[in-house]
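Here is the structure we will look at.
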There are 2 protein chains.
Amino acid sequence: MTGLDARTLAPHFSRMKAQYDDPAQCPVRNVLDQLADKWSVLIVTTLAERPHRFGELKRAIGDISQRMLTQTLRELQANGMIERTVFPTTPPSVEYRLSPLGRSFLTPLAALVEWAYANHPAIRAAREDFARAA
Amino acid sequence: MTGLDARTLAPHFSRMKAQYDDPAQCPVRNVLDQLADKWSVLIVTTLAERPHRFGELKRAIGDISQRMLTQTLRELQANGMIERTVFPTTPPSVEYRLSPLGRSFLTPLAALVEWAYANHPAIRAAREDFARAA
DNA sequence: CAGCATCCAGGCTGATACTG
DNA sequence: CAGTATCAGCCTGGATGCTG
């Protein structure tokens, strides 16, 4: 039902664990760090729709501070997930769009999103049971 | 090449964004919070192998503090990802194992891990380019 | 418009000490 | 063995003010 069992996945997880002691070198840790940041995910999913300008992104996300938006955009850019294009108009205009790498990331991200929606009821139920037991 | 394009994924992402303003209710945010925590991932992947006792887990992971191990185990348990069994022996022994829900999570997690390994070179290259440009 | 610099409060986390 | 309790430091992240 899960498609893959623990045995099938073991090699991946072992590799991951083997390298976790050097976080900077661990691919999984890098991806996780990116995912860990809720702003990154929100930005990536917003850009999945279409390219956005700085102000557009800020309005689209709503409650992100300017500081966090700038900072997260730089990280995503540094990791090659998004491309930044400056149009030398007056006033200046900057467009952000997903790079091919960033678009390829949408696939595993979608798997996660689907799992989350499919299992959210189970998680909520588990929380209530746990709270009752405590 | 990615299997899914932005258009296909749009519905999921819109739903996600529609709910992000109430973090406690957003399924994706919940899953992300879990992933964000490196200890959670390490524990889940360790338990993917086989059930472990408390001390076993601590040794297997290595650099996790007792505090963080206990705390993260409680969270995972509260979310229904793992099952905790106490054997009333002397001295006491406690076993942790993945629940069916936890095992089902291995699938999307594996997708993420695979993407991470496949694209790590590209990410590293992007970082170097970015550093050079700056 | 698109950003940078600064300041500051709060939460996360590790270290340490103690218990059934 | 498998935890709980307490405390102190760090770093994240928001708010604010300023610039090309």
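Since the structure is predicted, the reported quantities are computational estimates derived from the model, not experimental observations.
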Protein and nucleotides 8-13 of chain D: nitrogen or oxygen contacts under 3.5 angstrom:
unit_1	atom_1	unit_2	atom_2	d
D:dG13	N7	A:R67	NH2	3.0

For A:E56, enumerate each residue passing the salt bridge (Lys or Arg N to Asp or Glu O under 4.0 Å) test, keeping only those at least two apart in sequence or located in another chain.
A:R50

For B:A116, give me all partners under side chain to side chain contact (heavy atoms under 4.5 Å, CB included), at least two apart in sequence or on another chain.
A:P27, A:V28, A:V31

With salt bridge (charged side-chain N to carboxylate O under 4.0 Å, His left out) as the rule and sequence neighbours excluded, what pairs involving residues 69-95 of chain B come up?
B:E95-B:R97

Run the numbers on A:L76 and A:L47 for side-chain contact (heavy atoms from CB on, under 4.5 Å), then give the verdict.
CA-CA 12 Å; A:L76 288 169; A:L47 292 181; 5.9 Å; no

Work out how much the helix from C:dC1-D:dG20 to C:dG20-D:dC1 bends between its end axes, five pairs an end, to the nearest 10 degrees.
50°

Within this structure, what is the CD1-to-P distance between B:I82 and D:dA2, rounded to whole angstrom?
14 Å

Separation of A:Q66 atom CD from D:dT16 atom P, in whole Å?
13 Å

Kindly write out the residues that satisfy side chain to side chain donor-acceptor pair (under 3.5 Å) with A:Q34, not counting sequence neighbours, or none if the list is empty.
A:S40

Check B:H120 against A:N30 and note the closest heavy-atom contact, atom names and distance.
NE2-ND2, 3.5 Å

Under 4.0 Å, heavy atom to any atom of DNA chain D: which of residues 83-96 of chain A qualify?
A:P92

What is the distance from NE2 of B:H52 to P of D:dC1, rounded to the nearest Å?
15 Å

By side chain to side chain contact (heavy atoms under 4.5 Å, CB included) - contacts of A:A126 (at least two apart)
none

Is a donor on one side and an acceptor on the other found under 3.5 Å between the side chain of B:K58 and the backbone of B:I64?
yes

A:T90: which residues meet the side chain to side chain contact (heavy atoms under 4.5 Å, CB included) condition with it, sequence neighbours left out?
none

Protein-nucleotide distance (B:L69, atom CG; D:dG3, atom C1'), rounded to Å:
10 Å

One pair to check against side-chain contact (heavy atoms from CB on, under 4.5 Å): B:L112 and B:W115. What are the steps and the verdict?
CA-CA 5 Å; B:L112 218 59; B:W115 186 91; 5.6 Å; no

Below 4.0 Å from chain A heavy atoms, what is the first contacting nucleotide of DNA chain C and what is the last?
C:dC1 to C:dT6

According to side chain to side chain donor-acceptor pair (under 3.5 Å), who are the partners of A:S93, at least two apart in sequence or on a separate chain?
A:R53

Indicate, with yes or no, if A:W39 and A:V94 share a hydrophobic cluster defined by side-chain heavy-atom contacts under 4.5 Å among Ile, Leu, Val, Met, Phe, Trp and Tyr.
yes

Is the closest side-chain donor-acceptor distance between B:R124 and B:N119 under 3.5 Å?
no

